[in-house]
Every structure is written in C-alpha cells, then in structure tokens.
Amino acid sequence: MLADKVKKITTYIMVKDLFERIQDNKGPLGKWASQAEGYYVFPKLEGELGPRMQFHGKNILNWSLNDYLGLANHPEVRQADTDAAIQFGAAYPMGARMMSGHTTYHEQLENELAEFVMKESAYLLNFGYQGMVSIIDALVTKNDIIVYDVDSHACIIDGVRLHMGKRFTYKHNDLESMEKNLQRATKMAEETGGGILFITEGVFGMRGQQGKLKEIVALKEKYNFRLLVDDAHGFGTLGKTGAGAGEEQGVQDEIDVYFSTFAKSMANIGAFVAADKTVIDYLKYNLRSQMFAKALPMIQTIGSLKRLELLRKSSAIKDKLWENVNALQNGLKEKGFNIGDTNTCITPVYLEGSIPEAMVMVNDLRENYGIFLSIVVYPVIPKGIILLRMIPTASHTLEDIEETLTAFEAIREKLTNGTYKEIAERTTVDVS
C-alpha cells in the first residue's frame, strides 16, 4: 500500500509543469513584451476614428486605420448604427441562428451580399478569422487534399491545421510551384478517393499583391479542384463595382467559394461566405463556428446593410480611395522608395535595417513626425528587412500624403547614415 503511494507521488513529480515552458519561452513576439507593449504592440489610439487621432497624448497621422472607404464616420452609417442600437440594443438576437437568432435582416443582408459579389447565395459569419477556420474545416474530409499559398493569412493556416488529411503549400504566387503541388495533390487524391481544395487570397495583406486568380482558374482546365478565395482586402476596393479581386481579374464566376470580412471596407464586425446555393446550404448546417455561436447582433447586421447600400450606389467613395492610393504610391516611387510589387491599396515600404533600428525609427516617426503606421520585422519577413505598412483610405487627404513623404525622406536619411543604429546601440534591447 505504501509502495503504491510512493510510486504515485514519484510519477507526479516526474511530470513537467505545463506552465514551465511559458516561463522559459515567451514566443517570437512575446519576448519583446517588456519593451514593446503599449507602444509598438497593443498601442492605444484614442479619439474619433480617422486619419487624425491621439497616441500617448499627441496628435498623430494614422496610416493603420483599416477603414478603406471611410465609412466608419459617414453620417448615414453612424445614424444607422445608432438607430439599430436604440431599437434592438446590443443583445438582440439572443441565441444561434439555427435555434433562435435568425431574423429577416440577416436574410436580407445575405441576399444583398450574394448579389453584390455575383454569387447565388451567401451566409453571414460573426468574425472573419473564425469563419475562415470553420469554412476550411467544413469543406474537407481526411480523404481530401488542400493546396494553399505559403504566405496565406493566419486564419487560413489555422483552418488547414484542423485538416486531418494531406496538405501542400506552394511558393507565394508562383505558378510553377502551384502546378507542381496540384500534380502531387492529384496523385494523392486518386489514392484516397478524395477531392482537392485550392486556397489563395484575393489580396495578400502584408505585401499588397493580388493573388493570381486568373492564372489559377486557368489551371482548372488541367486539374480538378475547387477554389476558395479569402478576399478581405479586395472586397469594396477592387473591381468596377467593388466586388473584389475576382471581378478585377475577370474571373469572379470561377471562384467556387468567395469569402470576405466586414473589418476592412465595411468598417464593421462580421464576415460572409458566398457560393452556389448547394454549397451555402451545406455550410449553414455544418459550420461549427456559427452553429454553436450567438447570431451576429442587430447593430452590426443593420449597420452592414447601410454600408453595403452606400458601396453599391456610388463609386465616388472608391474613386477617392484610389486617388489617395495612387498619390501615395506614386509619390513614394518618385522619391526612390521600394514599395515592392503591390497592385492594391496596401502600401508597403521596404527598408534595410535591424529590429533595434526599426524600433528606434518607429519611435522617431511617432514622437517627432506625428506619424503612426504598422511595422513588420523578422520572423514575419526576412532578417535585415524593415517593412513599414500603410493603409491609405478615402478619408486621407493629399496634404496627409505630402506630410508623410517628407517624413519618410527624413527617416530614410537617418537610417542610412547610421543615426538609428547609434541610438539603438545605446539602448538596451533584448534580441535573444
């Protein structure tokens, strides 16, 4: 009896504390928390949402707005949000759509979204991230094969992680790699008796390139696969009507499953998936993230109806967006900045430098030039590269752009002449 107790205690002691790893390894981003939190990450932007906000008590020019069309403060949008809140409050409807949370407004928004993106049917999602994860999970079985871009957004990667079958990644936007992996997937699918799901993005959010949808669709002549497109940044910004990257490239009809979020052009919470009615009917009854979640609240649902109405009835908003995009990107190129091969609103600026130099440079931009933007460094991009990522919107002005171009010339000079390196070497920075 005593021996059994000793054995049980010994076994318990030999098991490592689950939290021990957390103490030793805080992750690639978490290791910077002591210096970065509250400033470089988890910053607090305050005041009314717009190009001019407050950061650490100072007025700043905001290039991380994620409000492409400037709808967040549109008077009709603000009124629609307010009226919905007064009529329904934040709680309505209570319950999941399948059980008690289904309304005429949800159906109306789905019908209008489907028509807008030229699909037969659509289904509302509470959040883009969990929606995409759940869509991938619902569409494939262990016998099916997934082929996806190596630079896919985290929501796609996490959805693929749930897949119990085989998956292949292809080099970013590389047609030769796409075809090579489709060949591998075809061979595997023939063995398993499954199908192939090909996943790409309409617009890649970090570098601003469009996915090669036209070329991917052409591969359907040789390979039997279904195409899922995440068009979070294309919806509302690309195409003659704003229906996205598929419309822009003339292949919207060939996208089998179209997905977008409301978090960019619609300046709201929520998302949707659109496809043939048969596919949407299947997803409605198999998307776990929606089946077991409270319905999208009425404020977001009615608010999105108003946003979609404004998007459909006037091209002026999108025209203003592209006036600003072209002014910013052309201005950067004229001044010799490397913005890669972006062909969308997303505007990356590539500079050479270390992580400590990048931190000093961003501090300088915010404190001395009053400019706030996103900074991306290793491990998201290769070592030695600093990516400054800007999201121009319809709300920005040409004066905002000129101010930014002037500031960028100044910080480039400081980066090149070693000013930032010297400051960084005087500052204690954990690079382990």
Side-chain angles (χ1 to χ4, degrees), residues 68-69 113-122 128 132 135 146-153 155-156 169-182 196-261 264-266 271-276 279 308 311-312 315 317-319 321-323 325-326 329 339-348 391-392:
Y68 281 125
L69 300 174
L113 284 166
E115 181 181 2
F116 184 70
V117 298
M118 295 169 270
K119 294 298 177 188
E120 189 177 13
S121 188
M132 176 55 76
I135 289 165
I146 296 177
V147 179
Y148 66 107
D149 194 294
V150 70
D151 278 3
S152 292
H153 188 271
C155 65
I156 294 173
T169 58
Y170 59 85
K171 296 176 184 177
H172 174 57
N173 260 356
D174 187 302
L175 294 174
E176 183 179 344
S177 182
M178 288 179 197
E179 187 154 14
K180 179 180 178 181
N181 282 284
L182 277 170
I196 301 172
L197 178 64
F198 193 107
I199 310 174
T200 187
E201 297 188 43
V203 175
F204 288 87
M206 200 59 64
R207 295 177 173 87
Q209 305 140 321
Q210 290 183 48
K212 295 189 175 179
L213 305 184
K214 190 172 183 178
E215 293 84 351
I216 292 169
V217 163
L219 289 171
K220 284 187 171 185
E221 296 177 5
K222 295 176 63 177
Y223 305 97
N224 185 20
F225 62 88
R226 293 294 186 173
L227 176 59
L228 166 61
V229 174
D230 176 348
D231 203 25
H233 292 274
F235 176 82
T237 68
L238 294 176
K240 182 179 179 181
T241 69
E247 183 185 34
E248 178 80 10
Q249 298 182 39
V251 293
Q252 187 74 356
D253 288 346
E254 295 295 327
I255 296 173
D256 297 298
V257 183
Y258 179 93
F259 164 90
S260 186
T261 173
K264 312 299 180 188
S265 289
M266 298 272 269
F272 73 99
V273 57
D276 289 346
V279 176
L308 185 58
L311 183 56
R312 283 183 317 201
S315 63
I317 311 173
K318 187 161 73 72
D319 291 344
L321 165 64
W322 277 98
E323 178 187 339
V325 170
N326 291 329
Q329 294 184 357
I339 65 170
D341 56 354
T342 178
N343 53 0
T344 66
C345 303
I346 294 167
T347 305
I391 305 289

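Everything numeric here is computed off the predicted structure, so don't read it as measured data.
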Do you know the tightest heavy-atom contact between [X] and [Y]?
{"X": "Leu213", "Y": "Gly246", "value": "CD1-N, 3.8 Å"}
{"X": "Asp174", "Y": "Glu176", "value": "OD1-N, 3.0 Å"}
{"X": "Thr261", "Y": "Ala232", "value": "CG2-CB, 3.5 Å"}

Heavy-atom donor-acceptor pair, [X] side chain to [Y] backbone, under 3.5 Å:
{"X": "Gln249", "Y": "Gly211", "value": "yes"}
{"X": "Thr344", "Y": "Gly208", "value": "yes"}
{"X": "Lys212", "Y": "Asn173", "value": "yes"}
{"X": "Glu254", "Y": "Val217", "value": "no"}
{"X": "Trp322", "Y": "Cys345", "value": "no"}
{"X": "Asn181", "Y": "Thr169", "value": "yes"}
{"X": "Lys318", "Y": "Gly239", "value": "yes"}
{"X": "Asp231", "Y": "Tyr258", "value": "no"}
{"X": "Gln329", "Y": "Ile339", "value": "no"}
{"X": "Lys119", "Y": "Gln252", "value": "yes"}

Do [X] and [Y] come within less than 4.5 Å of each other through their side chains, counting heavy atoms only?
{"X": "Asp256", "Y": "Val279", "answer": "no"}
{"X": "Leu227", "Y": "Lys220", "answer": "yes"}
{"X": "Glu247", "Y": "Leu238", "answer": "no"}
{"X": "His172", "Y": "Gln209", "answer": "yes"}

Straight-line distance of [X] [atom1] to [Y] [atom2], nearest 0.5 Å:
{"X": "Asp230", "Y": "Phe204", "atom1": "CG", "atom2": "CZ", "value": "9.0 Å"}
{"X": "Tyr68", "Y": "Ile346", "atom1": "OH", "atom2": "CD1", "value": "4.0 Å"}
{"X": "Arg312", "Y": "Glu115", "atom1": "CZ", "atom2": "CD", "value": "6.5 Å"}
{"X": "Arg207", "Y": "Asp341", "atom1": "CZ", "atom2": "CG", "value": "9.0 Å"}
{"X": "Met132", "Y": "Ile156", "atom1": "CE", "atom2": "CD1", "value": "5.0 Å"}
{"X": "Asp319", "Y": "Leu69", "atom1": "CG", "atom2": "CG", "value": "10.5 Å"}

### Message
Can you confirm whether Asn343 is buried at CG, in the sense that more than 12 heavy atoms of other residues, nucleotides or ligands lie under 6.0 Å from that atom?
### Response
yes

### Query
Mind checking whether Phe225 and Phe198 have parallel, tilted or perpendicular rings, split at 30° and 60°?
tilted

### Task
Begin with the C-alpha distance, continue with both residues' side-chain angles, and end with the deciding distance and a verdict on side chain to side chain contact (heavy atoms under 4.5 Å, CB included) for Met206 and Asp151.
CA-CA 9 Å; Met206 200 59 64; Asp151 278 3; over 6 Å; no

### Task
Could you go through the ring pair (Phe, Tyr, Trp, His ring centres under 6.0 Å) check for Phe272 and Phe235 one step at a time?
CA-CA 11 Å; Phe272 73 99; Phe235 176 82; 5.4 Å; yes

### Task
Show your working on side chain to side chain contact (heavy atoms under 4.5 Å, CB included) between Tyr170 and Glu179 and close with a plain yes or no.
CA-CA 9 Å; Tyr170 59 85; Glu179 187 154 14; over 6 Å; no

### Query
Are Ile199 and Phe259 close enough, and set up right, to give a side chain to side chain contact (heavy atoms under 4.5 Å, CB included), and what steps lead you there?
CA-CA 11 Å; Ile199 310 174; Phe259 164 90; over 6 Å; no

### side chain to side chain contact (heavy atoms under 4.5 Å, CB included) between Val273 and Val257, intermediate numbers included
CA-CA 7 Å; Val273 57; Val257 183; 3.4 Å; yes

